[in-house]
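Down below is the structure, laid out as structure tokens.
Per chain, numbering begins at 1; letters A, B, ... match sequence-line order. Because only heavy atoms are used, hydrogens play no part in the values below, and waters and symmetry mates are left out as well, while side chains stay in.
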4 protein chains.
Amino acid sequence: MAATRPVGPTVAEQPAPAKRRNENARLAVLNAADDLLVERGFDGLTIEGIAARAGVAKQTIYRWWKSKVDILYDNLVLDAEDALAWPEPAPGASYTVAELRGYLHRFALFLGTAPAGRVLQALLGHAQLDRRTFDLLHTGFLGELTARDTERVRQCLAGLVPGAGGQDGAGAGAAEASALLDALLAPLYYRALLARGPIDPALVDAALDEQLALALARSTPGV
Amino acid sequence: MAATRPVGPTVAEQPAPAKRRNENARLAVLNAADDLLVERGFDGLTIEGIAARAGVAKQTIYRWWKSKVDILYDNLVLDAEDALAWPEPAPGASYTVAELRGYLHRFALFLGTAPAGRVLQALLGHAQLDRRTFDLLHTGFLGELTARDTERVRQCLAGLVPGAGGQDGAGAGAAEASALLDALLAPLYYRALLARGPIDPALVDAALDEQLALALARSTPGV
Amino acid sequence: MAATRPVGPTVAEQPAPAKRRNENARLAVLNAADDLLVERGFDGLTIEGIAARAGVAKQTIYRWWKSKVDILYDNLVLDAEDALAWPEPAPGASYTVAELRGYLHRFALFLGTAPAGRVLQALLGHAQLDRRTFDLLHTGFLGELTARDTERVRQCLAGLVPGAGGQDGAGAGAAEASALLDALLAPLYYRALLARGPIDPALVDAALDEQLALALARSTPGV
Amino acid sequence: MAATRPVGPTVAEQPAPAKRRNENARLAVLNAADDLLVERGFDGLTIEGIAARAGVAKQTIYRWWKSKVDILYDNLVLDAEDALAWPEPAPGASYTVAELRGYLHRFALFLGTAPAGRVLQALLGHAQLDRRTFDLLHTGFLGELTARDTERVRQCLAGLVPGAGGQDGAGAGAAEASALLDALLAPLYYRALLARGPIDPALVDAALDEQLALALARSTPGV
DNA sequence: GGATAATCGAGACGGTACGTCTTGTCTTAAA
DNA sequence: TTTAAGACAAGACGTACCGTCTCGATTATCC
């Protein structure tokens with residue numbers, strides 16, 4: 001999975017010292033963890049197992065990661081970077097509903113299909129059981145993702161209802177955008193985590209259309 | 001749900017006549033597991049710890065439960081029996097939107113606040129990590145809960161839009177009810193699992209009003 | 001093994017109370033213990049195993065025996081009663097060297113061959129590891145056996161060297177007899193316990209001839 | 001015996017280069033086992049107990065020993081190395097009866113007194129109950145001891161009766177020596193295992209004198 | 001272009017918990 | 001009252017991983 005990505009720094013990357021780190025070992029560990037998660041599940045994923053599969057000493061793993069959760073997190077960041085990117089809008093233009101729709105479809109695909117979403121599912125699951133994992137996920141990956149996407153949804157909304165939002169400033173628009181994003185994502189997470197199946201693209205479209213209609217209705221109170 | 005069963009354990013049901021089980025030991029185990037889950041979290045919850053806290057031999061636990069998941073599951077069933085009951089409707093009457101609203105509020109409370117919902121959160125989390133747990137939860141607790149609630153939501157809908165549903169038979173009404181229930185629960189689960197906070201009652205009302213409006217709009221296409 | 005012996009009271013038999021004791025259960029336990037000792041060895045012999053094999057409840061065993069050692073002990077007493085008997089001497093006559101020789105051969109056979117001697121070997125082995133077993137064996141079975149045989153050896157000696165022993169009284173003769181018995185048995189136990197093979201009958205004869213020669217030499221100091 | 005081996009464990013010899021074994025842990029385990037054997041007896045001696053007493057992890061014990069028997073065996077070898085050594089004979093000279101006598105006294109002391117001989121007694125006892133222990137003892141410790149001592153006894157005999165043995169070659173002398181050694185040891189083992197008391201030094205001398213007289217008588221048939 | 005220092009593989013180590021087994025006590029229901 | 005059946009508290013079994021620790025054997029800079 002991550003074997004094709006060369007090197008780029010990730011979110012959890014150790015800041016400064018990391019002197020002569022062995023890149024082969026790093027990739028071998030990430031791949032081994034990914035493979036073993038699929039093969040044996042989260043509980044069957046052990047540091048010893050990863051070390052053995054990667055042909056690496058346990059100490060090497062403990063030198064660079066604090067736990068198996070951190071290894072999976074690095075994998076998640078790596079995978080999501082490509083899978084959850086938005087296309088660059090035309091210069092000077094802002095994000096559109098069409099782009100939002102495309103992103104939601106990609107998100108649903110990412111969340112609902114192994115092995116890509118398997119890591120996120122596992123981390124979300126473990127976040128229910130472990131405070132540290134929850135914090136890592138929400139101050140890191142999910143936090144950044146949400147911040148980025150909320151802003152882009154805000155742009156979509158602004159493009160859709162030119163007058164709205166401007167009155168109360170960007171802050172008000174952000175709250176609206178945040179609520180809208182939540183409303184759009186809730187059914188997807190619900191589907192992925194509670195029903196555990198691939199997510200029907202129609203569900204994405206239905207949710208988006210529905211929420212946009214509601215948003216429009218709210219923004220034109222007179223009607 | 002398990003409301004019809006009298007008292008015994010839900011998992012590991014004895015096929016044979018269930019010889020002389022010690023009720024004190026059973027309750028001590030369930031309580032110890034509950035306490036330890038809150039104190040030490042799911043990973044810190046061990047069979048040895050439960051046995052020690054409950055003053056019970058490990059073998060006694062293994063005799064009646066297959067794993068700590070099964071112990072928590074029994075706790076869940078026990079707790080939910082009271083917390084997630086619907087009030088009995090008037091004789092001859094069916095469930096109403098007001099009762100549905102009340103139930104949703106109780107559900108949100110159950111899901112969002114420790115210690116009651118802590119067990120469900122943990123099991124939902126672990127279900128992401130372990131196939132057996134997922135199956136147990138969905139063929140058991142969640143399956144029964146969903147079946148029961150779907151039917152009651154169907155009755156609410158039927159009462160709300162007298163003509164609708166009747167045309168296509170009860171089957172079509174059930175599908176509609178199922179979708180509505182999903183739409184009502186998704187934001188609650190999203191809130192509880194993703195944001196991990198207590199659920200604002202206003203969220204429940206907003207979701208219900210919104211979905212009812214949409215349902216009404218769908219059922220009167222001419223308008 | 002003990003199945004053919006009907007009922008007779010043994011040494012370790014509970015003295016008085018034993019009211020409505022089930023004789024079938026008693027024999028089944030003794031036989032099961034014997035069989036399992038041969039099949040699985042002393043460490044593999046468990047109360048649970050005996051109970052299962054005998055079709056008897058554990059409690060029934062604990063009611064009548066204190067441990068598996070006591071069960072084996074009862075078996076030993078039962079078996080030895082026949083195998084280690086001396087033929088009755090002619091009325092008025094005392095035991096002779098020929099009878100002693102015969103007894104030693106029988107003893108060697110008993111000690112050296114399974115399954116008869118297997119129990120005694122096991123108890124002797126366990127007596128090295130457990131004080132209670134040692135005491136049981138020496139105040140009980142071995143003590144009585146030694147007392148009986150010492151007296152008979154004394155009679156043999158008295159018949160062999162008419163004058164000797166009489167001078168110092170029976171006590172001196174008993175000490176001599178005891179030493180002689182030890183000297184005769186030592187090589188047999190050594191062979192059985194240290195080399196663990198069947199005992200060559202020639203070894204018995206050699207030891208007896210040798211010791212008798214020495215005894216004679218000692219009793220006729222002038223020569 | 002094991003006198004030629006330098007230091008390491010005797011059982012569980014590492015075929016590979018025996019990686020960095022912790023000598024402190026090894027000694028702590030051996031000592032703890034020794035202490036606990038005396039304190040609690042063989043049955044009360046557990047791997048968990050040894051680990052706790054030695055301040056060592058169970059896994060460390062299982063890494064280097066297969067069972068508590070193997071630990072005791074290592075202790076036996078260690079203790080016997082000093083206690084059962086023969087003094088080096090003068091260069092060019094062979095072992096003498098005086099040296100044999102001294103050795104037998106030391107052997108009797110070793111076998112009859114705790115804690116040194118306690119281990120051997122326990123292993124001899126357990127060898128009656130467990131085939132593996134019997135084999136370990138006889139192909140290992142006892143086998144080497146017997147081979148060594150038989151040869152030395154042969155030298156004693158050869159020195160005593162210059163002509164004898166030479167006629168029939170060393171083989172015949174070895175058989176004689178072996179029988180003599182058995183005859184000397186049998187009463188000691190009998191005393192130690194059957195009567196379980198310290199061995200009277202006079203018993204050693206009596207047995208040696210008696211057996212030497214018999215051996216001399218046999219080697220000079222004319223007299 | 002060696003010296004030096006961090007990283008690497010390997011794996012021993014003190015621990016904790018696992019799930020199983022047996023102990024000896026107890027309770028129940030049938031005879 | 002004894003029996004078969006078996007639940008119970010206790011605790012040892014042997015195994016699996018945990019996270020820390022020492023080893024030499026590579027590297028890869030830096031002097």
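Between the CZ atom of C:R63 and the P atom of E:dT23 there is a distance of 17 Å, rounded to whole Å. Note: CZ (B:R21) to P (E:dT28) measures 16 Å, nearest angstrom. Note: CG (D:N24) to C1' (F:dT22) measures 14 Å, nearest angstrom. Atom CD1 of A:I61 is separated from atom P of E:dG11 by 15 Å (rounded to the nearest Å). Atom pair C:Q59:CD and F:dT1:P shows a separation of 15 Å (rounding to whole Å applied).
Atom-to-atom distance recorded for D:R40:CZ and D:D35:CG is 10.5 Å, nearest 0.5 angstrom.
For the side chain to side chain donor-acceptor pair (under 3.5 Å) test, no residue two or more places apart in sequence or in another chain qualifies with B:K68. A search for side chain to side chain donor-acceptor pair (under 3.5 Å) contacts involving A:E48 returns A:K58, not counting sequence neighbours. Under the side chain to side chain donor-acceptor pair (under 3.5 Å) criterion, A:N24 pairs with no residue at all, not counting sequence neighbours. Residues forming a salt bridge (charged side-chain N to carboxylate O under 4.0 Å, His left out) with D:D135 (at least two apart in sequence, or on another chain): D:R131. The side chain to side chain donor-acceptor pair (under 3.5 Å) test applied to D:R53 returns D:E39, not counting sequence neighbours.
Panel note: side chain D:D130, backbone D:H126; no donor-acceptor pair is recorded below 3.5 Å.
A heavy atom lying under 4.0 Å from DNA chain E marks the following residues of residues 40-57 of chain A, by number: A:G55, A:V56, A:A57. Remark: nothing in residues 123-135 of chain A comes within less than 4.0 Å of DNA chain F through any heavy atom.
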What are the atom names and distances for every N/O pair under 3.5 Å that joins the protein to nucleotides 23-26 of chain F?
none

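Between B:T60 and D:Y62, it is B:T60 whose nearest contact on DNA chain F lies nearer the 5' terminus.
Neither OP1 nor OP2 of E:dT7 sits under 4.0 Å from any side-chain N or O of A:W64.
Geometric assessment of D:R21 against the ring of D:W64 yields a positive cation-pi assignment under the 6.0 Å and 45° thresholds.
A donor N or O paired with an acceptor N or O is found under 3.5 Å between the base of F:dG19 and the side-chain atoms of A:K58.
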